[in-house]
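One structure below.
Per chain, numbering begins at 1; letters A, B, ... match sequence-line order. Everything numeric here is computed off the predicted structure, so don't read it as measured data.
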Amino acid sequence: MSATEFSGIAERRIEDANLVRGVSALTRERIERVVKAVTKGEAGARLAVYHETCMRCGMCADACHYCISHDGDPTYSPVGKMEQTMWKLLRTGGKVDPDDIYGMAQIAYTECNLCRRCVHYCPVGIDTGYVMGLVRRICHRLGVVPLYIQDTAHSHSGTMNQMWVKDDEWLDSLVWQEDEARGEIPALRIPFDKEGADFLYSVIAPEPKFRTQLIYQAAVIFDQAGVDWTMPSAPGWDNSDMCMFTGDYEMMGRLKRCHFEMAQKLKVRRIVMGECGHAFRSVYDVGNRWLGWKNHPVPIVHSVEFFWELLTEGKIKLAKKFDEPVTIHDPCNIIRGRGLMDKLREVTHALCSNVVEMSPTREHNLCCCAGGGVINCGPPFKGVRLAGNKAKADQLAATGVHTVVAPCHNCHGGLEDIIHHYKLGMHTKFLGDLIYDCMEKPGAA
Amino acid sequence: MSTSTATPQTAHGQPEAPPAAHAAAGLPHPDPGDWEPGRRVIAPSFAPLPGHQWQEEPLMSHDGMHVAAVVRQEDDSFTMRVDDEVWDAGFDKVWSPRFLPDGRLVAIVQQDGEWTVAVDGETWPDTYGFIWSLLHGPAGKVIAAVQQDMRYGMIVDGEPWETLYENANNFALSPDGRRTAAVVQTVPLGQADIETFTRGVYSVAVDGEAWGRNFMNVWTPVFDNRNDRVAAQVRLSHSEYTVAVNGAPWPATFPCVWEPCFDPATGAVAAPVRKDGRWGMALDGTLLWEARFFQCWTPAWSPDGRHLWAIVAPRYGSFTVARDASPWPFAAPVVTDLVLSPDGARAAALASHDNAAWQVVVDGVVWPGRWDMAWRPVFSPCGRHVAVRVKDRGRETVLLDGRPWREAFTTAWDPVFGPATANGAGMAVLLRGIRDGACERWVATPDDFRA
Ligand code: SF4
Ligand code: SF4
């Protein structure tokens with residue numbers, strides 16, 4: 001089949017109010033102008049090299065959970081998605097119809113989770129996630145972004161966090177969790193703005209909004225481990241970044257600047273991030289570089305690595321192990337993105353007596369379709385997301401266990417939806433949940 | 001006075017908690033009688049008092065004569081300990097304590113779920129849904145962010161703005177410390193109501209009164225040096241950024257902008273702007289510095305408006321300081337804490353290799369030594385000397401013009417220069433810290449620093 005014969009996206013168009021609204025305001029001239037600005041002005045040699053070296057060999061097809069879940073439909077393959085979007089834009093010089101942009105946005109935002117599994121399978125190392133990110137960038141600049149993720153990006157810009165959490169609500173959550181935790185550990189304290197602490201602990205906004213127990217647990221773990229930590233009282237506390245995924249790189253940069261400047265202001269040695277993958281990617285890999293830093297102005301440590309440090313240094317001692325069999329989900333952004341697969345396993349094995357590996361596993365593990373922004377596109381696209389995760393559901397079911405350890409917020413959201421939809425009878429756990437349950441708490445009342 | 005003309009702000013507009021010496025701009029120095037060189041022990045030990053379950057990190061007054069800390073008392077209530085006394089009242093929570101330059105001790109306190117501010121132990125008469133983000137300036141007013149009945153704004157010495165809003169953040173104070181400004185949300189926003197958001201729900205309220213115009217986003221309001229006009233970054237659409245002054249946006253837009261600042265001499269406004277993937281500086285909307293930098297931020301004018309400074313990255317991953325668009329020859333992976341001399345002709349900054357091996361750079365010249373951490377440089381009132389608190393292997397000391405103090409503390413506070421003398425002779429630096437458990441103030445002279 002010739003690549004240009006693909007017509008998949010036209011047949012599976014999903015109504016989204018902001019995609020409709022955005023496309024209705026487009027002209028062919030504007031599309032051409034923006035495509036040129038991004039492909040020539042922003043993308044540079046990397047995109048050109050990918051475009052010229054892609055052999056259309058299709059080796060990447062088997063890597064993509066969307067493609068696997070749709071019986072190998074080539075329109076869901078990485079190369080198929082690039083063909084329908086960026087390769088078409090490059091081939092035509094951006095001379096496409098507004099309606100084409102609708103389909104491209106739908107593919108880039110909802111049919112590719114930027115998981116970068118396919119890069120491992122491409123003989124020439126083409127990073128489809130990067131290419132799809134550029135398609136999203138074009139769509140952002142054209143104002144064609146799915147409604148729910150756009151709303152989340154707006155939250156970031158208005159409040160410097162993902163969930164419209166107001167300054168006082170953030171503080172209130174910390175004070176509340178500190179109070180709660182003192183019921184268990186009477187001398188516990190969540191130190192706000194402690195200048196010169198060893199690390200600043202940053203989280204994503206769903207924690208104060210919906211999952212305050214994670215703040216409680218982290219406070220207990222850090223307190224009982226005797227580490228020197230702080231949490232900021234002002235914006236900069238949220239490390240998440242949906243702007244990175246809408247293609248709004250200017251807002252992404254603003255968020256990351258805010259985060260790093262908070263750490264610099266507090267003169268901490270490093271930043272320890274909660275169990276979130278996409279936030280890690282935004283701070284460790286993408287946003288920092290957009291701002292002009294080659295690395296990280298303040299070192300970034302993901303919780304997996306920090307928990308590993310606490311356990312190997314003996315700062316946390318375990319009173320028991322989690323006895324039920326568990327399996328490990330490898331979040332794309334910290335495994336393919338950071339190589340934490342060994343430390344994740346060492347921590348999980350330290351905590352759990354029976355660990356059943358998924359197949360495939362580690363850097364080859366399948367994506368749950370959450371940490372690349374797809375889940376944030378909201379209810380209109382939930383069905384297609386879950387259909388694209390049939391392969392993940394099969395993989396989960398094959399383990400035969402009921403507990404999935406996943407050190408990533410978005411993965412929890414994605415996995416819980418998969419578990420529910422495919423009736424897998426499983427549940428998810430953070431490493432923090434397990435450590436909190438299994439650790440010795442010498443300071444407990 | 002010391003340090004730069006610009007109120008240091010973070011990218012999101014939260015004014016930094018002013019370091020002691022920095023906050024002292026325009027404020028009286030410690031009583032001259034306290035400038036006798038030598039060491040004075042303020043408290044031989046600041047161990048918790050009997051009956052206190054715990055004591056938080058201590059803080060020292062600007063004159064180094066008092067030390068305080070949040071303590072938890074036997075009855076589980078929290079209060080402030082100052083030297084060996086405690087405030088009469090106890091609270092459910094005490095946080096963000098700070099000494100004002102005039103010696104008063106303020107803290108945010110909570111009792112029965114209601115928040116207020118305590119000044120030297122006396123609470124404001126009213127309580128509020130929440131209080132946070134304490135600010136203070138030369139006028140001696142105590143200012144904070146306030147939420148009452150889920151309406152948001154600022155509060156000055158216990159008086160909230162007359163109008164409160166859906167939300168408020170990016171709190172700012174005028175240079176004289178009398179006027180307040182914040183980004184406010186003037187229009188309610190429903191769930192996923194992106195159309196209303198795009199039309200604009202944010203403005204700036206100055207002393208509680210909002211500009212007559214809303215924008216998609218507003219960040220980092222800043223006052224001019226006459227305490228009159230306010231400029232802020234604004235976003236007009238998803239891809240159009242500019243600066244608005246008293247609500248009026250520049251005619252030109254840019255793909256991105258950073259924090260604006262007023263030229264103290266002319267009232268013109270400069271801001272870093274992005275153009276064609278690089279950063280430059282615009283003045284009243286027109287490009288002043290060619291957009292050739294990989295980054296350009298934290299702009300600051302000299303008080304006479306002759307020089308404009310900023311942190312820039314002339315090459316990718318390589319940062320330095322530029323004066324009037326000319327970068328220093330020095331460069332490092334990270335540069336922070338740009339501070340100007342009182343006349344704005346000189347500058348100091350900190351450089352690090354990803355938060356390690358900190359160096360102090362003054363006028364483009366790197367001081368000897370690398371440190372585990374360094375704090376914001378402090379210029380002497382005459383502008384000839386620079387002092388910097390640094391940390392090395394768990395000990396903190398102070399560098400004066402690149403020379404380390406002969407002693408070290410376990411914990412130090414920022415150095416404070418003595419009053420200016422005509423020729424700089426007799427210069428003294430107040431050093432405050434804890435050493436071997438004792439809270440000490442040292443008045444050091446240049447001889448106390450290693451050659
Ligand atoms: S979802 Fe993952 S595997 Fe599939 S195309 Fe996107 S980056 Fe590649
Ligand atoms: S495997 Fe690589 S070269 Fe082959 S089609 Fe996929 S992206 Fe192109």
Legend entry - Contact class of A:His296 relative to chain B, heavy atoms under 4.5 angstrom: backbone
Legend entry - Gap separating the CD atom of A:Gln150 from the OG atom of A:Ser155, nearest 0.5 angstrom: 11.5 Å
Legend entry - Residues A:Arg257 and B:Gln295: side-chain donor-acceptor under 3.5 angstrom: no
Inset, instruction - Check each atom of B:Arg315 against the heavy atoms of chain A and say whether the ones under 4.5 Å are side chain, backbone, both or neither. - result: neither
Legend entry - Within the 6.0 Å centroid threshold, strictly below: A:Phe199 and A:Phe222: yes
Inset, instruction - With a 4.5 Å cut-off on heavy-atom pairs, point out which of A:Gly378, A:Ala37, A:Pro299, A:Gly41 contacts chain B the most. - result: A:Pro299
Legend entry - Greatest number of heavy atom pairs closer than 4.5 Å to chain A - which of B:Arg274, B:Lys391, B:Gln185: B:Arg274
Legend entry - Structural part of B:Leu189 lying under 4.5 Å from a heavy atom of chain A: side chain
Inset, instruction - For side chain to side chain donor-acceptor pair (under 3.5 Å), just list the numbers for A:Asp167 and B:Trp132, CA-CA rounded to whole Å, side-chain angles, deciding distance to a tenth of an Å, and then say yes or no. - result: CA-CA 8 Å; A:Asp167 291 1; B:Trp132 71 105; 3.3 Å; yes
Inset, instruction - Give the member of B:Phe294, B:Trp375, B:Phe293 that has the highest number of heavy-atom pairs under 4.5 Å with chain A. - result: B:Trp375
Legend entry - Interatomic distance, B:Arg389 atom CZ to B:Arg376 atom CZ [nearest 0.5 angstrom]: 13.5 Å
Legend entry - Contacts with chain B made by residues 141-148 of chain A (heavy-atom distance under 4.5 Å), listed by residue number: A:Arg141, A:Leu147, A:Tyr148
Legend entry - Under 4.5 Å from any heavy atom of chain A - which part of B:Ala313: neither
Inset, instruction - Below 4.5 Å from any heavy atom of chain A, which atoms of B:Ala374 appear? Answer side chain, backbone, both or neither. - result: backbone
Inset, instruction - Name the member of B:Met216, B:Met373, B:Glu396 that forms the most heavy-atom pairs with chain A at distances under 4.5 Å. - result: B:Met373
Inset, instruction - Answer with side chain, backbone, both or neither: which region of B:Trp115 has an atom nearer than 4.5 Å to a non-hydrogen atom of chain A? - result: side chain
Inset, instruction - With a 4.5 angstrom heavy-atom cut-off, could you sort out which part of A:Arg289 is near chain B: side chain, backbone, both or neither? - result: both
Legend entry - Pick from A:Asp179, A:Asn18, A:Leu291 with the largest number of heavy-atom pairs that fall under 4.5 Å of chain B: A:Leu291
Inset, instruction - Flag the one option from A:Arg182, A:Arg270, A:Arg269 with the top tally of heavy-atom pairs under 4.5 Å to chain B. - result: A:Arg182
Inset, instruction - Just jot down the salt bridge (Lys or Arg N to Asp or Glu O under 4.0 Å) partners of A:Lys209, sequence neighbours excluded, or say none. - result: none
Inset, instruction - Against chain B, work out which of A:Pro191, A:Ala187, A:Ala153 has the most heavy-atom pairs shorter than 4.5 Å and name it. - result: A:Ala187
Inset, instruction - Could you look at B:Ala168 and say if it's the side chain, the backbone, both or neither that has a heavy atom under 4.5 Å from chain A? - result: backbone
Legend entry - Pick from A:Asp151, A:Leu255, A:Asp168 with the largest number of heavy-atom pairs that fall under 4.5 Å of chain B: A:Asp168
Legend entry - Euclidean distance, B:Trp258 CH2 relative to B:Ile311 CD1, rounded to 0.5 Å: 12.5 Å
Legend entry - Steps toward salt bridge (charged side-chain N to carboxylate O under 4.0 Å, His left out) verdict (B:Arg98, A:Glu195): CA-CA 13 Å; B:Arg98 64 187 61 183; A:Glu195 194 192 88; over 6 Å; no
Inset, instruction - Can you tell which part of A:Asp248 gets under 4.5 Å to a heavy atom of chain B, answering side chain, backbone, both or neither? - result: side chain
Inset, instruction - Check the pair B:Trp279, B:Val312 against side chain to side chain contact (heavy atoms under 4.5 Å, CB included), reporting the backbone distance first and the verdict last. - result: CA-CA 9 Å; B:Trp279 288 90; B:Val312 298; over 6 Å; no
Legend entry - Interchain contact, B:Phe319 with chain A, by part (heavy-atom threshold 4.5 Å): side chain
Inset, instruction - Identify whether NZ of Lys or CZ of Arg in A:Lys256 sits under 6.0 Å from the centre of the six-membered ring of A:Trp293 and within 45° of that ring's axis. - result: no
Legend entry - Spatial distance of atom CZ (A:Arg254) from atom CG (B:Asn217) [nearest 0.5 Å]: 8.0 Å
Inset, instruction - Against chain A, work out which of B:Glu56, B:Gln53, B:Gln147 has the most heavy-atom pairs shorter than 4.5 Å and name it. - result: B:Glu56
Inset, instruction - Look at A:Asn295, A:Val298, A:Leu171 and state which one has the largest set of heavy-atom pairs under 4.5 Å with chain B. - result: A:Leu171
Inset, instruction - Can you measure from SG (A:Cys258) to CH2 (B:Trp219) and round to the nearest 0.5 angstrom? - result: 11.5 Å
Legend entry - Contact class of B:Tyr202 relative to chain A, heavy atoms under 4.5 angstrom: side chain
Legend entry - Test side chain to side chain contact (heavy atoms under 4.5 Å, CB included) applied to A:Lys194 and A:Leu200, A:Leu266, A:Asp228, the passing residue: A:Asp228
Inset, instruction - Take A:Gln162 and A:Ser240 through the side chain to side chain donor-acceptor pair (under 3.5 Å) test and state the conclusion after the steps. - result: CA-CA 7 Å; A:Gln162 191 188 339; A:Ser240 68; 2.9 Å; yes
Legend entry - Salt-bridge present (A:Arg33, A:Glu29; N to O < 4.0 Å): no
Legend entry - Heavy-atom proximity to chain B below 4.5 Å, by part of A:Glu250: both
Legend entry - Heavy-atom contact with chain A under 4.5 Å, split by part of B:Asp76: neither
Legend entry - Gap separating the CZ atom of B:Arg72 from the CZ atom of B:Phe91, nearest 0.5 angstrom: 16.0 Å
Inset, instruction - Go through the side-chain N and O atoms of A:Asn376 and A:Thr152 and say whether any donor and acceptor fall under 3.5 Å apart. - result: no
Legend entry - More than 12 heavy atoms from other groups under 6.0 Å of CH2 on A:Trp176: no
Legend entry - Region of B:Glu240 that comes under 4.5 Å of a non-hydrogen atom in chain A: neither
